[in-house]
Amino acid sequence: MTDALRELKARLAEVDDLGRAARVLGWDQQTMMPPGGAPARADQLATLGRIAHERFTAPELGRLLDRLRAHEEFLAPDSDDACLIRVTRRDYEKAVRVPAELRAEMLRAASLGHQAWVEARAASNFPAFLPHLERNVELALRYIECFEPAGEPYDVLLDDYEEGATTADVRAVFEPLKEGLLPLVAAVSERGGDPGPLRGPFPADAQRRLIDTVLTRLGFDPASWRLDVAAHPFATTFAVADIRLTTRYDEDDLRALFGAMHEFGHGLYERSVSPALERTPLAGGVSLGLHESQSRLWENLVGRGRAFCRWLHPVARAAFPDALRGVDEEAFYRAINRVVPSLIRVDADEVTYCLHVILRFELELEIVNGGLELRDLPEAWNARMLDYLGVEVPDDAHGVLQDVHWSGGTFGYFPTYALGTVMSVQIWEAARRSLPDLDAQLEAGQFDELREWLRAGLHVHGRKFAPQQMLERLVGGPIDAGPYLGYLAGKLDELYAPA
Ligand code: ZN
């Protein structure tokens, strides 16, 4: 290894350590910290964030990257070192374009916006949140101006979450998706929403035991994983061998189980990254979309699939002998797959979910392109909810204020949820082609081969390859809404067939 490469790695390891330490603080804030710690925690996180940014954008790092240009030509393009230099250069060139003052202002506005959003949502008071939203949008537009004019301004925002994806690319996936989903949702709505047999009560301690049983089976090992409770469930990673998941229990339903399987999918991705990439910018998921493909795969393709349900049903009945008395496997399967248009994205079923995301993408585009006044946002939101999902929004807490993202200025993030959902089915179909025996394995509660297929094909590479390249390697083609729509149509036919 050259001296320059050795020094680059040492500097990147420090930046990574600072980022992981910030994650520990963030995780603690959401799982353990008493509310009194909030102001000090905001300062601590801002300090760590600033130091990490300063270290990463230091001119010396740029000089090291320059010195490595000659060395790079001798490296195999797919080698860890070549990928590390390439990805670091890309991250560096983006990071140095943003003035430290703007970066700090964005962090500050996000922190203030978050607090204002929590209060505004609790009171369903959009006007109280509006000035913060205006500030965040203004800063996002200034951020866009830091970069060369792109095809569309929104491209700059998207690229932070889904490298290389343009607004036009997203539109090319979302247009057929929307066209395919609207009639499916309309057909489902006509059939009415039978609440099904999953009414509970499902005591939280029994849910916790069931989740432990299921996750252990999937690959959760207490030597490297923890599960805690958080108001807004998430997964985070402190190291390849230190994975943190969170969930939240509601005694009326089994959402926590599927939520935990979702977060497990995120955790497994990070757990299976090659240890050789640790303490570098490559140690993580390649994009938010591909990360979400993994959580959705475990939550829906495995979790709500027929084969796994055969294994899960007796296990769940043993966990809840009263609530599930007399609920046979078919009724259980239909209940965990119930489709009902509803108000809240995070609670949406597989069929309606992407419409919630498409709605946000369309509104974000109009905001960034200047076609929508922010004060008119609730009205635009409510009109689209009625149009796409046939749902009347009773108040802004259940409408435009429901999600955290805009309070923190994260515009361009939402599309990755639907892109990940679409890719999850493409990846699932590729896995099935490689593992013809997969259904029998899932039915027997065996997940080793699926885990290994995902590890070797996707997880182990971390951020070495660009998202589109990674998907191509894994499924043999670009992102395509077709398989997802086909999967949903097949599932609905099955669910609504006479029992
Ligand atoms: Zn997720």
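Keep in mind that this is a model prediction, so the values were computed, not measured. In listed order, ligands and their atoms are each counted from 1. Residue numbers run from 1 in the order of the sequence given.
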Original post:
With a 4.5 Å limit on heavy-atom distance, are the side chains of P153 and F147 in contact?
Top reply: no
Original post:
Within H262, is some N, O or S atom less than 2.8 Å away from the Zn ion (ligand 1)?
Top reply: yes
Original post:
From E263, does some N, O or S atom reach closer than 2.8 Å to the Zn ion (ligand 1)?
Top reply: no
Original post:
Do the charged groups of R338 and D349 touch, with an N to O distance under 4.0 Å?
Top reply: no
Original post:
Within the distance-only criterion (no hydrogens, no angle test), does the side chain of T247 pair as donor or acceptor with the backbone N or O of A256 below 3.5 angstrom?
Top reply: yes
Original post:
By atom name, which N, O or S atom of E292 is the nearest to the Zn ion (ligand 1)?
Top reply: OE1
Subject >> R304 charged N/C atom sitting above F258 aromatic ring, 6.0 Å / 45° >> reply: yes
